[in-house]
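Below: one structure, written as structure tokens.
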Amino acid sequence: HGTLAGHTGEHETAMAAAFGKLGSIDANRNEAMLGWDTDMFPNDVGLATYIMDVVLKQGGLAPGGLNFDAKVRRESTDVEDLFIGHINGMDTYARGLR
């Protein structure tokens with residue numbers, strides 16, 4: 001909950017990696033205006049690029065990975081909507097690897 005402490009995702013990722021503690025990433029989206037984690041799927045390719053750069057420089061994520069504990073944040077609970085939300089989140093991080 002770095003947002004509550006006034007830290008960016010970039011700061012949290014860099015500091016965890018610098019101290020050898022980056023083993024898993026809560027890959028949902030925060031809302032800076034709210035100051036809280038909103039559990040929405042990620043869509044910021046710039047942030048994903050930065051995070052994936054840190055991950056690659058430390059040799060990957062182990063033993064963890066990318067954790068999408070996110071929701072589609074709309075009234076639909078349709079399985080297809082949830083599936084598409086996960087695909088879009090993974091695509092955001094895949095684009096971050098370019």
Side-chain angles (χ1 to χ4, degrees):
H1 288 84
T3 305
L4 289 174
H7 299 155
T8 65
E10 293 93 329
H11 170 81
E12 294 289 301
T13 304
M15 294 308 295
F19 287 95
K21 301 296 183 186
L22 183 61
S24 183
I25 294 175
D26 188 3
N28 53 15
R29 190 169 80 215
N30 294 326
E31 178 52 61
M33 296 298 290
L34 291 175
W36 189 252
D37 182 348
T38 58
D39 290 339
M40 293 186 290
F41 285 101
N43 64 359
D44 184 343
V45 176
L47 178 58
T49 300
Y50 179 86
I51 289 173
M52 294 312 293
D53 183 54
V54 172
V55 168
L56 291 173
K57 284 178 180 172
Q58 78 164 16
L61 288 174
L66 296 175
N67 174 25
F68 291 114
D69 65 337
K71 293 122 185 114
V72 291
R73 288 292 185 215
R74 44 185 267 205
E75 296 303 314
S76 176
T77 57
D78 186 77
V79 172
E80 183 176 351
D81 287 339
L82 294 169
F83 183 71
I84 290 169
H86 277 86
I87 290 172
N88 287 335
M90 288 302 295
D91 281 350
T92 298
Y93 275 89
R95 287 183 298 216
L97 286 171
R98 286 189 187 179

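Position 1 is the first residue of the sequence, and the numbers go up from there. Atoms considered below: every heavy atom in the structure, side chains included; atoms not considered: hydrogens, waters and symmetry mates.
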Q. For the hydrophobic clusters of this structure (ILVMFWY residues joined by side-chain heavy atoms under 4.5 Å, transitively), does one cluster hold both Met15 and Met52?
A.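 Met15 and Met52: separate clusters.
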task: Tell me, please, which residues at least two apart from Lys21 pass salt bridge (Lys or Arg N to Asp or Glu O under 4.0 Å).
output: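 Lys21: no salt bridge (Lys or Arg N to Asp or Glu O under 4.0 Å) contacts found.
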### Contact summary for Gly64 and Ser24, nearest pair of heavy atoms
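For Gly64 versus Ser24, the nearest heavy atoms are CA-CB, 4.1 Å.
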_ring pair (Phe, Tyr, Trp, His ring centres under 6.0 Å) partners of residues 8-29, not counting sequence neighbours, each pair once_ =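 Listed once each, the pairs are His7-His11.
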| said: Run the side-chain contact (heavy atoms from CB on, under 4.5 Å) test against Leu22 and tell me which residues pass, sequence neighbours left out. | reply: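 Expected list: Thr13, Ala16, Ala17, Ile25, Val54, Val55, Gln58, Leu61.
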Acceptor/donor pairs from residues 91-98 side chains to any protein atom, 3.5 angstrom cut, sequence neighbours excluded:
residue, atom, partner, partner atom, Å
Thr92, OG1, Pro42, O, 3.1
Thr92, OG1, Asn88, O, 3.0
Thr92, OG1, Arg95, NH2, 3.3

Quick one: CZ on Phe41 to CD1 on Ile87, what's the gap to the nearest 0.5 Å?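 Taking CZ in Phe41 and CD1 in Ile87, the distance rounds to 10.0 Å.
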Query raised in the report: What residues form a side chain to side chain donor-acceptor pair (under 3.5 Å) with Asn43, not counting sequence neighbours?
Result: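 Testing Asn43 for side chain to side chain donor-acceptor pair (under 3.5 Å), a comparison that skips the adjacent residues, returns Arg29.
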Task: salt bridge (charged side-chain N to carboxylate O under 4.0 Å, His left out): pairs with one or both residues in residues 41-65, sequence neighbours excluded - done: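 Of all non-adjacent pairs touching residues 41-65, those that pass salt bridge (charged side-chain N to carboxylate O under 4.0 Å, His left out) are Asp53-Lys57.
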